[in-house]
Amino acid sequence: MPGRAFTGADIRWAKSVRKPSLEEFVLGLRGSRIQAVQRRAKYILLPLDTGSTLVLHLGMTGGLILQHQDQPSHPMVRHCFFLDDGRGLCFLDPRKFAKLWLAADASEMFRLLGPEPLEAGFTAEVLARALAGHHIPIKALLLEQSVVAGLGNLYADESLYLAGIHPLRRAAELSGEETTRLRNAIVAALSGAVAQYDLGRADPSLEPPIKLIAWTIPRKLGAPCPRCGGPIAGIRVRGRSTYLCPRCQI
DNA sequence: AGTACGTCCTGATCGC
DNA sequence: TGCGATCAGGACGTAC
């Protein structure tokens, strides 16, 4: 895709466009050339030769398909970005949770994001500083993108399970040893999911990819904990469904 | 300032 | 078996 230019865009669900206005978004895209495809946290970035950046957030259920413009599009395609080679970058989004931006300054847009958990800068010390002074449940803090960039609800549960830490523990009250365990668990959960996804990509029939991820902790009430055999519990933390093992996570 | 919660959406799943 | 009700969640706005 890098090197291709946009000839236009068909935005079928206007609410997805966050900034700027729909008109400016479409006008700003037309004729601009894609320079690269990048990622920051849960955002996909397409820097353009105009200096602006097309930013995509897939939400929970979003996906991208590159196909010829005359091919019939899937009914869940909410938008299509037309390329100058006759193809279209189609944006599937059944639940309409995805978001689009045309950012004049992408670095400004991501100024408040925390460290990338799979990069070297994400150390136990960095995590410890992020937790300090916060009295909210550790699970709620893990979902703050300013603390760790890119952790979602299921990954937070998985990380806390692997670390043996109860999701309702107050963030600032974790010991240094627990913080290190949590840091390592976050890295393990994410890199494990990436590895599973890469394996699954070899077989497109296994889509959607989220189904590929085999979580260590069962996301089912009463299911046996793989570590101790006890029943998995379900609670809500800040309105988010949360699964844990009350015996292993303290 | 720090914390909590409602809102948007619709496919999948649950319970009667 | 069928159908209506409920659940799921990322980021932002609003409220306390």
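Convention: sequence-line order gives letters A, B, ...; per-chain numbering from 1.
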Colleague: In whole Å, I'd like the distance from the CE atom of Met109(A) to the P atom of dC12(C).
Modeller: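 After rounding, the gap between these two atoms is 7 Å.
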
Colleague: Between dC8(B), dT10(B), dG10(C), spot the one nearest the side chain of Arg95(A), thanks.
Modeller: dT10(B)

Colleague: Measure from NZ on Lys15(A) to P on dT7(B) and round the result to the nearest Å.
Modeller: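 That distance rounds to 13 Å.
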
Colleague: To the closest 0.5 Å, what do you measure between CD1 (Ile250(A)) and CG (Leu244(A))?
Modeller: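 Rounded to the nearest 0.5 Å, the CD1-CG separation comes out at 12.0 Å.
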
Colleague: Rounded to the Å, how far apart are Lys99(A) NZ and dT7(B) C1'?
Modeller: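 Rounded to whole Å, this separation is 10 Å.
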
Colleague: Tell me whether the rings of Tyr43(A) and His57(A) are parallel (<30°), tilted (30 to 60°) or perpendicular (>60°).
Modeller: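 Judged by the thresholds at 30° and 60°, the geometry between Tyr43(A) and His57(A) is perpendicular.
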
Colleague: Quick one: Trp101(A) CH2 to dG10(C) P, roughly how many Å, whole number?
Modeller: 13 Å

Colleague: Mind listing the closest non-hydrogen atom pair of Leu182(A) and Ser159(A) along with its distance?
Modeller: CD1-O, 4.2 Å

Colleague: Quick one: which of dG10(C), dT10(B), dC9(B) gets closest to the side chain of Lys42(A)?
Modeller: dG10(C)

Colleague: In this structure, how many angstroms lie between the C1' atom of dC9(B) and the CZ atom of Arg12(A), rounded?
Modeller: 18 Å

Colleague: Could you tell me the separation between the CE atom of Met60(A) and the P atom of dT7(B), rounded to a whole number of Å?
Modeller: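 Result: 21 Å.
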
Colleague: When you check the gap from the basic side-chain N to the acidic O, do Glu177(A) and Arg181(A) get nearer than 4.0 Å?
Modeller: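 Judged by the 4.0 Å cut-off on N to carboxylate O distance, Glu177(A) and Arg181(A) do form a salt bridge.
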
Colleague: Establish whether the base of dA8(C) is bridged to the side chain of Arg240(A) by a donor-acceptor pair shorter than 3.5 Å.
Modeller: no

Colleague: Looking at the side chain of Arg238(A), which of dA4(B), dT10(B), dA11(C) is the nearest nucleotide?
Modeller: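 Of dA4(B), dT10(B), dA11(C), dA4(B) is nearest to the side chain of Arg238(A).
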
Colleague: To the nearest 10°, give me the bend of the helix from dG2(B)-dC16(C) to dC16(B)-dG2(C), comparing the axes of its five terminal pairs at either end.
Modeller: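 Axis angle across the helix from dG2(B)-dC16(C) to dC16(B)-dG2(C), nearest 10°: 60°.
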
Colleague: As an exercise, state the distance from CZ of Arg78(A) to OG of Ser16(A), rounded to the nearest 0.5 Å.
Modeller: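 Taking CZ in Arg78(A) and OG in Ser16(A), the distance rounds to 8.5 Å.
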
Colleague: dC8(B) C1' sits how many Å from Leu100(A) CG, rounded?
Modeller: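 Spelled out: CG on Leu100(A) to C1' on dC8(B) is 15 Å.
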
Colleague: Send over the distance from Asp157(A) CG to dG10(C) P, rounded to a whole Å.
Modeller: 11 Å

Colleague: Within the distance-only criterion (no hydrogens, no angle test), does the side chain of His166(A) pair as donor or acceptor with the backbone N or O of Leu168(A) below 3.5 angstrom?
Modeller: yes

Colleague: Considering only residues two or more places apart or on different chains, which pairs with a residue in residues 233-250 of chain A satisfy side chain to side chain donor-acceptor pair (under 3.5 Å)?
Modeller: Lys139(A)-Thr242(A)

Colleague: At a heavy-atom distance below 4.0 Å, what parts of residues 134-145 of chain A sit against DNA chain B?
Modeller: His134(A), His135(A), Ile136(A)

Colleague: Is Tyr43(A) close enough to dG10(C) that one of its side-chain N or O atoms is under 4.0 Å from OP1 or OP2 there?
Modeller: no

Colleague: First locate atom CG of Leu29(A), then atom CG of Leu100(A), and finally report the distance between them rounded to the nearest 0.5 Å.
Modeller: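 These two atoms lie 9.5 Å from each other.
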
Colleague: Within 45° of the six-membered ring axis of Tyr161(A) and under 6.0 Å from that ring's centre, is NZ or CZ of Arg227(A) located there?
Modeller: yes

Colleague: Under 4.0 Å from OP1 or OP2 of dC8(B): is there any side-chain N or O of Arg18(A) that close?
Modeller: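 Looking at the OP1 and OP2 atoms of dC8(B), neither is under 4.0 Å from any side-chain N or O of Arg18(A).
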
